J.: 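Once you've had a glance at the structure underneath, I'll fire off some questions.
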Amino acid sequence: MKYVHIGWCHEDNHDKVWGIILIAENVPLSDAWHFPTNKYVTFWGRRGKKLQTKIHTALDTYSAHKLCDKKMEKGYKHVQRRDLDQVYPEFEQDLEKTAVWAMLGV
């Protein structure tokens with residue numbers, strides 16, 4: 001998995017994560033569409049709870065980074081993958097529980 005962004009919001013009574021994962025690059029939309037698009041999965045939810053997911057089948061890199069910027073504006077702090085275990089030790093297990101992996105066959 002290639003994590004594009006992982007954010008953590010820990011303010012007031014919030015303790016949530018949000019992130020985006022690249023799952024396929026240069027996905028062709030049609031023969032007429034010549035711009036590269038990618039397939040991403042976004043995930044969000046409270047730490048320790050089942051994470052919600054959404055598949056984005058045709059996002060360019062710019063649009064994916066715009067999603068990240070919007071979350072940063074809402075108070076999410078960027079978390080490096082190497083530091084994620086300190087913030088959210090159960091992250092990988094909780095992400096694996098989501099139904100999206102079964103749907104994608106990953």
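Since the structure is predicted, the reported quantities are computational estimates derived from the model, not experimental observations.
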J.: Could I get the full list of ring-ring contact (aromatic ring centres under 6.0 Å, His included) partners for Y40, not counting sequence neighbours?
T.: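 Per chain and number, Y40 pairs via ring-ring contact (aromatic ring centres under 6.0 Å, His included) with no residue.
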
J.: Tell me, please, which residues at least two apart from W44 pass ring-ring contact (aromatic ring centres under 6.0 Å, His included).
T.: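 W44 satisfies ring-ring contact (aromatic ring centres under 6.0 Å, His included) with no other residue.
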
J.: Should I20 and T42 count as side-chain neighbours, where that means a heavy-atom distance under 4.5 Å?
T.: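 Yes. Closest side-chain heavy atoms under 4.5 Å.
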
J.: Do I21 and L67 sit in one hydrophobic cluster, given that two such residues count as connected whenever their side-chain heavy atoms are within less than 4.5 Å of each other, even indirectly?
T.: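 No, because I21 and L67 fall into different hydrophobic clusters, even though each may have its own neighbours under 4.5 Å.
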
J.: Who are the side-chain hydrogen bond (donor to acceptor under 3.5 Å, both in side chains) partners of W18, not counting sequence neighbours?
T.: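 For W18, no residue satisfies side-chain hydrogen bond (donor to acceptor under 3.5 Å, both in side chains) once neighbours in sequence are set aside.
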
J.: Answer whether the closest heavy-atom distance between the side chains of V79 and V17 falls below 4.5 Å.
T.: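 Not in contact.
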
J.: In the hydrophobic clustering that connects Ile, Leu, Val, Met, Phe, Trp and Tyr at side-chain heavy-atom distances below 4.5 Å, which members other than M72 occupy its cluster, ordered by chain and number?
T.: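 M72 clusters with nothing; isolated.
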
J.: Output every pair passing ring pair (Phe, Tyr, Trp, His ring centres under 6.0 Å) with a member in residues 53-79, not counting sequence neighbours, ordered by first then second residue.
T.: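 Matches after skipping sequence neighbours: H5-H78.
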
J.: With N38, which of L22, V4, L59 fulfils side chain to side chain contact (heavy atoms under 4.5 Å, CB included)?
T.: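 Answer to the side chain to side chain contact (heavy atoms under 4.5 Å, CB included) test with N38 among L22, V4, L59: L22.
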
J.: Quick one: side-chain hydrogen bond (donor to acceptor under 3.5 Å, both in side chains) partners of R81, sequence neighbours excluded?
T.: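 In terms of side-chain hydrogen bond (donor to acceptor under 3.5 Å, both in side chains), with neighbours along the sequence ignored, R81 is linked to E92.
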
J.: Is there a donor-acceptor contact under 3.5 Å from the side chain of D60 to the main chain of T37?
T.: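 Between the backbone of T37 and the side chain of D60 there is no qualifying donor-acceptor contact (under 3.5 Å).
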
J.: For C9 versus G75, what's the shortest heavy-atom pair and its separation?
T.: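 Minimum heavy-atom contact is SG-O, 4.2 Å.
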
J.: Just how far is it from atom CZ of F91 to atom CZ of F43, taken to the nearest 0.5 Å?
T.: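 Going from the CZ atom of F91 to the CZ atom of F43 covers 3.5 Å.
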
J.: Taking only residues two or more places apart in sequence, or in another chain, which ones meet D85 in a side-chain hydrogen bond (donor to acceptor under 3.5 Å, both in side chains)?
T.: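 Result, side-chain hydrogen bond (donor to acceptor under 3.5 Å, both in side chains) vs D85: none returned.
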
J.: To the nearest 0.5 angstrom, please state how far the CG atom of L51 sits from the CD atom of E90.
T.: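 One gets 10.5 Å once the value is rounded to the nearest 0.5 Å.
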
J.: Same hydrophobic cluster for I6 and I23, using side-chain heavy-atom links shorter than 4.5 Å among ILVMFWY?
T.: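 As far as the 4.5 Å side-chain criterion goes, I23 and I6 are connected within one cluster.
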
J.: Restricting to pairs with a member in residues 68-80, which pass salt bridge (Lys or Arg N to Asp or Glu O under 4.0 Å), not counting sequence neighbours?
T.: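 Residue pairs with at least one partner in residues 68-80: there are none.
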
